[in-house]
Enquirer: 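A single structure is presented below for examination.
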2 protein chains.
Amino acid sequence: MPELRTGLHHLYLRDEDLRLGIELLFYAYRDFTAEPDRMLDEIGLGRAHHRAIYFVGRYPGINVGELLAILRITKQSLSRVLGELVRKGYIAQRPGTVDRRQRRLELTEQGAALERKLSENQRRRIAAAYRAAGPNAVEGFRRVMLGLIDERDRGKVAGEPAKPQPGAATRR
Amino acid sequence: MPELRTGLHHLYLRDEDLRLGIELLFYAYRDFTAEPDRMLDEIGLGRAHHRAIYFVGRYPGINVGELLAILRITKQSLSRVLGELVRKGYIAQRPGTVDRRQRRLELTEQGAALERKLSENQRRRIAAAYRAAGPNAVEGFRRVMLGLIDERDRGKVAGEPAKPQPGAATRR
DNA sequence: GCATATATGTCAACATCACTGACGTATTTT
DNA sequence: AAAATACGTCAGTGATGTTGACATATATGC
């Protein structure tokens with residue numbers, strides 16, 4: 001629900017309030033990624049691999065362009081990461097049926113197992129925070145977080161991955 | 001308000017709910033850092049410099065050990081970043097008065113200006129998200145985010161920086 | 001059907017930010 | 001006086017990102 005358009009907002013935002021927001025994001029992200037990072041390190045992978053595995057698991061059959069649009073990195077960066085994951089047997093590729101230029105990505109059994117293992121800690125952490133804060137707070141959390149995300153991607157979160165923008169291939 | 005302690009929680013957490021949380025963190029952090037990153041890039045600095053500048057601005061007179069405890073990186077990494085910031089005139093150091101081994105860090109005029117410029121976009125983004133979501137949602141956001149942070153650091157967020165753990169100097 | 005655009009990949013070079021390991025100096029604490 | 005602490009440095013390495021140029025296969029528009 002959009003708030004009343006009073007022009008003046010009853011939500012008076014002090015510098016301190018905004019700083020707290022900045023810091024919450026920093027600390028939460030720092031701690032949210034620490035555990036998976038440690039686990040990845042043991043098998044010679046990094047956070048970038050986790051992100052790829054996560055989103056391939058999230059959208060089975062996703063193609064490279066869509067994944068690029070989510071991660072917002074260059075194809076050269078993704079290519080290295082994806083190549084390693086394919087070579088190590090975590091991700092399988094196969095050409096698209098409708099457009100055979102595409103490579104549709106999927107997790108292998110091994111990849112799915114790794115994804116579960118990596119996300120387990122994150123899920124636990126989120127579940128604990130949700131339970132401690134209560135359903136009402138969770139709803140507020142979602143609303144604020146969505147508001148922090150670039151508008152063009154809000155629909156994408158927890159929906160279908162957006163098709164890459166036209167011209168995305170040429171644009172860098 | 002803490003939820004009723006029923007043992008069984010009325011907050012039934014589906015896999016989808018947890019995934020949404022994971023993704024909100026990913027997208028929000030991605031978009032939250034993108035703009036400052038671009039600005040930093042123009043003056044030959046990176047995200048690590050932003051973090052250092054931010055927390056030195058947040059806690060004027062903070063010493064190196066405290067900053068290390070916040071950032072959770074090695075002193076060698078921080079040393080490089082801090083050295084660059086000092087050389088380029090964004091941060092000033094001076095020995096502590098009570099313990100002269102310490103280097104107390106402060107932003108110079110120039111550093112404070114940069115900090116404001118960098119954080120401006122982030123503050124705007126947070127302010128917009130807060131306003132759109134409403135005060136109630138903001139409170140929920142804070143509760144959940146705090147729950148995501150390592151327990152030992154919850155008190156530190158938006159308070160005084162914790163003293164580094166005893167033994168921190170030797171531990172790596 | 002031919003020209004062009006798209007999806008993807010590759011080679012090469014480079015920057016940033018992190019890490020490990022080993023040591024060194026000044027100062028404080030015991 | 002010895003030990004611990006705060007901080008720094010030198011040296012090497014690895015992960016992740018970047019730019020730029022070019023290659024291949026497939027689709028699409030006229």
Enquirer: For the backbone of A:Ile70 and the side chain of B:Arg30, can you confirm whether one donor and one acceptor N or O come within less than 3.5 Å of each other?
Expert: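 At least one qualifying donor-acceptor pair exists.
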Enquirer: What integer distance in Å separates B:Leu78:CG from D:dG8:P?
Expert: 8 Å
Enquirer: Take the protein atom CZ of B:Arg80 and the nucleotide atom P of D:dT13, then report the distance between them rounded to whole Å.
Expert: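 Roughly 16 Å, once rounded to whole Å.
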Enquirer: Please determine if a side-chain N or O atom of A:Thr74 lies less than 4.0 Å away from the OP1 or OP2 oxygen of D:dG17.
Expert: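 No, outside the criterion.
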Enquirer: Using heavy atoms and a sub-4.0 Å distance, could you list which residues of residues 28-51 of chain B are near DNA chain D? By number, please.
Expert: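 Residues of residues 28-51 of chain B that come under 4.0 Å of DNA chain D do not exist, since none gets that close.
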Enquirer: Between A:Asn63 (side chain) and A:Glu66 (backbone), is there a donor-acceptor pair under 3.5 Å?
Expert: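 Side chain of A:Asn63 to backbone of A:Glu66: a pair is present.
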Enquirer: Tell me if the CZ atom of B:Arg72 is crowded by more than 12 foreign heavy atoms within 6.0 Å.
Expert: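 Enclosed: over 12 neighbouring heavy atoms sit under 6.0 Å from CZ of B:Arg72.
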Enquirer: Would you mind reading off the distance between A:Leu71 atom CG and C:dT8 atom P, rounded to a whole angstrom?
Expert: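 Checked: the CG to P distance equals 13 Å.
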Enquirer: Which atom names give the shortest non-hydrogen contact between A:Ile22 and B:Ile126, and what distance separates them?
Expert: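 Closest heavy-atom pair between A:Ile22 and B:Ile126: N-CD1, 3.3 Å.
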Enquirer: Looking at B:Asn136, I want to see if its CG is surrounded by more than 12 non-hydrogen atoms of other residues, nucleotides or ligands under 6.0 Å.
Expert: no
Enquirer: In plain terms, say whether B:Arg47 and B:Asp41 are close enough for a salt bridge, that is, a side-chain N and a carboxylate O under 4.0 Å apart.
Expert: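 Looking at B:Asp41 together with B:Arg47, the answer is no, because their closest N to O distance does not fall below 4.0 Å.
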Enquirer: Would you say A:Ser77 places a side-chain N or O within less than 4.0 Å of OP1 or OP2 belonging to D:dT16?
Expert: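 Checking A:Ser77 against D:dT16: no side-chain N or O falls below 4.0 Å of OP1 or OP2.
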Enquirer: In terms of ring plane angle, is the pair A:Phe141 and B:Phe141 parallel, tilted or perpendicular, where the classes change at 30° and 60°?
Expert: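 Correct class here is parallel.
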Enquirer: Taking protein heavy atoms under 4.0 Å as touching, what does nucleotides 24-30 of chain C look like 5' to 3' if B marks base contact, S marks sugar-phosphate-only contact and - marks none?
Expert: --BBS--
Enquirer: Starting from the 5' end of DNA chain D, give me the residue, A:Arg72 or B:Ser79, whose nearest nucleotide shows up first.
Expert: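 Of the two residues, B:Ser79 wins.
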Enquirer: Given the structure, check if the side chain of A:Arg103 and the base of C:dG9 hold any donor-acceptor pair shorter than 3.5 Å.
Expert: no
Enquirer: If we only count heavy atoms from C-beta on, is the A:Val157 to A:Arg142 side-chain gap below 4.5 Å?
Expert: no
Enquirer: Using five pairs at either end of the helix from C:dG1-D:dC30 to C:dT30-D:dA1, determine the angle between the two local helix axes and round it to 10 degrees.
Expert: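 Inter-axis angle at the ends, rounded: 30°.
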Enquirer: Using the test salt bridge (Lys or Arg N to Asp or Glu O under 4.0 Å), find all partners of B:Arg100 that sit at least two apart in sequence or belong to another chain.
Expert: none
Enquirer: Quick check for you: among D:dG17, C:dA18, D:dC7, whose closest atom lies nearest to any side-chain atom of A:Ile73?
Expert: D:dG17
Enquirer: Taking only residues two or more places apart in sequence, or in another chain, which ones meet B:Tyr54 in a side-chain hydrogen bond (donor to acceptor under 3.5 Å, both in side chains)?
Expert: A:Arg19, A:Glu23
Enquirer: Measure CD/A:Gln93 against C1'/C:dG9 and give the value in whole Å, please.
Expert: 10 Å
Enquirer: Tell me the interatomic distance from A:Leu67, atom CG, to C:dG9, atom P, rounded to whole angstroms.
Expert: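 Answer to the nearest Å: 10 Å.
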Enquirer: To the nearest Å, how far apart are B:Ile91 CD1 and D:dG8 C1'?
Expert: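 Answer to the nearest Å: 16 Å.
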Enquirer: I'd like to know if B:Gln76 reaches the base of C:dG21 with its side chain such that a donor and an acceptor end up less than 3.5 angstrom apart.
Expert: yes
Enquirer: Would you classify A:Glu84 as touching base, sugar-phosphate or nothing, given that sugar-phosphate means primed atoms plus P, OP1 and OP2, and contacts are heavy atoms under 4.0 Å?
Expert: nothing
Enquirer: Once side-chain hydrogen bond (donor to acceptor under 3.5 Å, both in side chains) is applied, do any residues pair with B:Glu84, and if so which ones, sequence neighbours excluded?
Expert: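 Scan of B:Glu84 (side-chain hydrogen bond (donor to acceptor under 3.5 Å, both in side chains), adjacent residues dropped) gives B:His49.
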Enquirer: In whole Å, what is the span from the CG atom of B:Leu68 to the C1' atom of D:dA6?
Expert: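 Taking CG of B:Leu68 and C1' of D:dA6, I get 10 Å after rounding.
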Enquirer: Ring centres of B:Tyr29 and A:Phe26 under 6.0 Å apart?
Expert: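 Centroid separation for B:Tyr29 and A:Phe26: 6.0 Å or greater.
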